[in-house]
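Written below as structure tokens is the structure these notes are about.
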Amino acid sequence: MTMGGISENTAFGGKDYKEETYDFGGSGRKTFTAAFDGFSTNRKSGRLTVTGKNCAIGKNGGASPAFALKTAKVGGFIGAFPTADGVTFARIATPSEYGGGVIYKDAVAVGTDKALYRYDENAGAWEATGITFTALPKIQPYFDRDGRESAIFFGGKVAYYTVGGTTAVTANHCYKNLGCVACDRIFFADDDKTVRFSGVISKDSFTDSADEGGKIAFPVSSGLRGICALGKYVYAFFAKQAYRLDARGAARDFSAEEVPYAGGEIKADSPVCCGDKICFIADDGAYVFDGTHFTNFTAESETIDFSATKSCRSIGVPGKFLYEIVLAESGAGQTAAATRRIYDTEAGTSAEIDLSLENACSYGDFAYVFSGGEEKQIVFDGSADENREYRLERENEDFGKAGRKTLRKIVLRGKGAVRLAVTGGSNSAVYTMELDEAGKSVQPRLSAEKFSFVLHLKSGARVSGVKAEYSAFGGEI
């Protein structure tokens, strides 16, 4: 066997790999090898282009389970977030305190009835606090001078719950559920063009003052779409404008400046903080903002018509932006299916997911969802749910060459357990493999004009590379 040339090719995922060609003694039948350093969903050079569900692709092209649901823990010991008879939780918070070497987490929840409940661990029962919101609230952690944590609720009014059981309404009016915590102050929408703020480390005081509380009105024509903290600033988002509020120091020293934004109309309630970035949905795509630049990260790869969005939901935690879009109905009696994604703000990659965000929320660095009758924490550690499918797919691959071919070998690199299904014509083969970085191979020896591949990932699995070897008649492709 003599090795032929190495040439760029348009097969197997686009012009994105090096192909090695081997000639079997001039017989005309040659073996071709295509190797990829990871995966891509948008034809990135050197990566295998795939579609998938619930699989995240990292910065280096490695694929792993995008998320999993685990029991939300509360209390001073390992305990599941308690359930409540007849109440579905739409939002929760787990403010905590440290004592005696143990982190104690309280359980606080807002039901779909918009009422605020707290769990009395001594009584072993939920009790209503008497506070009811007019909008499902956003919730953020806040720390008093003594370090005690409170959960701040923004939902038609501003309220708080402090570790130990204290609840109170601190502002009777809040425009929708727009608000955030930054610079030891609480900020919320006083109306659709005005942001009100509290005194420093003073969650009860919003009285206008040169040094403490006050408000700032923005010179805009459209209403507020979101308020988010990022670093030392607070950002106010309107339909097609964004403002940066420097809220350090005394209130008299506050300043606001417009941040240039040239994108589409921002969807109401979509801006969320994702650690060191802010993400939101507009009518021309989904955006990530780093404090200086706005980037439409869906512009090149997404097929969704964002301008037809009927409703959307979004939550953010450090490094992750989860969003859900429902498009307007295409015809009488037709209901559009929801499209759901996780965007990794560090890797700059997106994954399609099947997790409904209807009763999902974030609190601090944690994301939660009410699923299967109980509260779950959404984790992004590569683990997988037993009853959820995590897969990558490539269909009808002809390797850029017409005619019948024989798929001789597939090599996968990575770690953990995977299941590979290969189909060629009317024949198929399924392999279960335990991967390592040296590579594990299978030999399908299927003959067909086109092949389809489905790779299923198990909990903890990560696939970092793939190579396919096939033989065919003819010269280099």
Side-chain angles (χ1 to χ4, degrees), residues 1-53 55 57 60-63 301 391-414 418-457 461 463-477:
M1 181 174 72
T2 59
M3 182 174 176
I6 299 179
S7 59
E8 290 276 338
N9 200 298
T10 57
F12 208 26
K15 191 175 181 180
D16 56 6
Y17 74 94
K18 295 289 186 180
E19 180 189 76
E20 299 175 352
T21 311
Y22 302 86
D23 191 345
F24 288 88
S27 66
R29 188 170 182 82
K30 298 183 178 182
T31 293
F32 304 89
T33 300
F36 304 88
D37 292 323
F39 303 89
S40 170
T41 57
N42 57 359
R43 304 179 69 82
K44 187 173 183 179
S45 178
R47 310 276 175 82
L48 175 60
T49 301
V50 293
T51 58
K53 181 164 286 188
C55 283
I57 297 176
N60 296 322
S301 59
R391 70 175 189 271
L392 298 174
E393 298 182 43
R394 182 153 183 85
E395 297 182 335
N396 298 320
E397 178 56 57
D398 64 359
F399 299 101
K401 185 177 180 64
R404 197 169 182 82
K405 296 162 282 290
T406 298
L407 182 62
R408 300 169 60 87
K409 183 188 293 186
I410 296 175
V411 181
L412 296 174
R413 292 186 289 109
V418 301
R419 180 165 55 89
L420 174 65
V422 185
T423 302
S426 60
N427 298 313
S428 61
V430 178
Y431 305 92
T432 299
M433 310 162 68
E434 189 73 30
L435 302 185
D436 57 40
E437 286 299 338
K440 291 295 179 71
S441 65
V442 295
Q443 298 179 355
R445 297 195 178 279
L446 299 176
S447 294
E449 292 189 12
K450 298 180 180 181
F451 302 90
S452 294
F453 308 85
V454 182
L455 182 62
H456 300 265
L457 279 64
V463 186
S464 57
V466 59
K467 182 168 67 175
E469 181 181 294
Y470 66 97
S471 58
F473 287 99
E476 296 179 13
I477 299 174

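Index from 1, following the sequence. These figures come from a predicted structure and were not determined experimentally.
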**Study point:** Which residues share a side chain to side chain contact (heavy atoms under 4.5 Å, CB included) with Asn427, sequence neighbours left out
**Key:** Leu446
Review point. For residues 31-42, which residue pairs qualify under salt bridge (Lys or Arg N to Asp or Glu O under 4.0 Å), counting only residues two or more places apart or in two chains?
Key: Asp37-Arg413
**Study point:** Gap separating the CD atom of Glu397 from the OG1 atom of Thr49, nearest 0.5 angstrom
**Key:** 9.5 Å
Exercise for review: Test Asn396 against Ser452 for side chain to side chain contact (heavy atoms under 4.5 Å, CB included), laying out the working first.
Suggested key: CA-CA 5 Å; Asn396 298 320; Ser452 294; 4.0 Å; yes
Check your understanding: Relative to the ring of Tyr470, is the ring of Phe399 parallel (under 30°), tilted (30 to 60°) or perpendicular (over 60°)?
Key -> parallel
Donor-acceptor pairs are to be reported for all side-chain atoms of residues 429-441 against protein atoms at under 3.5 Å, with residues two or more places apart or in another chain.
residue: Asp436; atom: OD1; partner: Ala438; partner atom: N; Å: 3.0
residue: Asp436; atom: OD1; partner: Gly439; partner atom: N; Å: 2.9
residue: Glu437; atom: OE1; partner: Ser464; partner atom: OG; Å: 2.9
residue: Glu437; atom: OE2; partner: Ser464; partner atom: OG; Å: 3.2
residue: Lys440; atom: NZ; partner: Glu434; partner atom: O; Å: 2.9

Study note, to complete from the structure: The side chain to side chain donor-acceptor pair (under 3.5 Å) partners of Asn60 (sequence neighbours excluded) come to none
Check your understanding: So which of Leu48, Val50, Leu392, Val422 actually passes side chain to side chain contact (heavy atoms under 4.5 Å, CB included) with Phe453?
Key -> Val422
Check your understanding: Which value, rounded to the nearest 0.5 Å, describes the distance between Phe32 atom CZ and Lys401 atom NZ?
Key -> 5.5 Å
Study note, to complete from the structure: Applying salt bridge (charged side-chain N to carboxylate O under 4.0 Å, His left out) to Lys450 and not counting sequence neighbours gives none
Revision key, fill the gap. Residue set satisfying side chain to side chain donor-acceptor pair (under 3.5 Å) with Thr41, at least two apart, ordered chain then number -> none
Practice item. Quick one: list whatever passes side chain to side chain contact (heavy atoms under 4.5 Å, CB included) with Glu393, sequence neighbours left out. Key: Thr51, Arg391, Glu395, Val454
Review point. Any luck finding a side-chain donor-acceptor pair between Thr31 and Ser471 under 3.5 Å?
Key: no
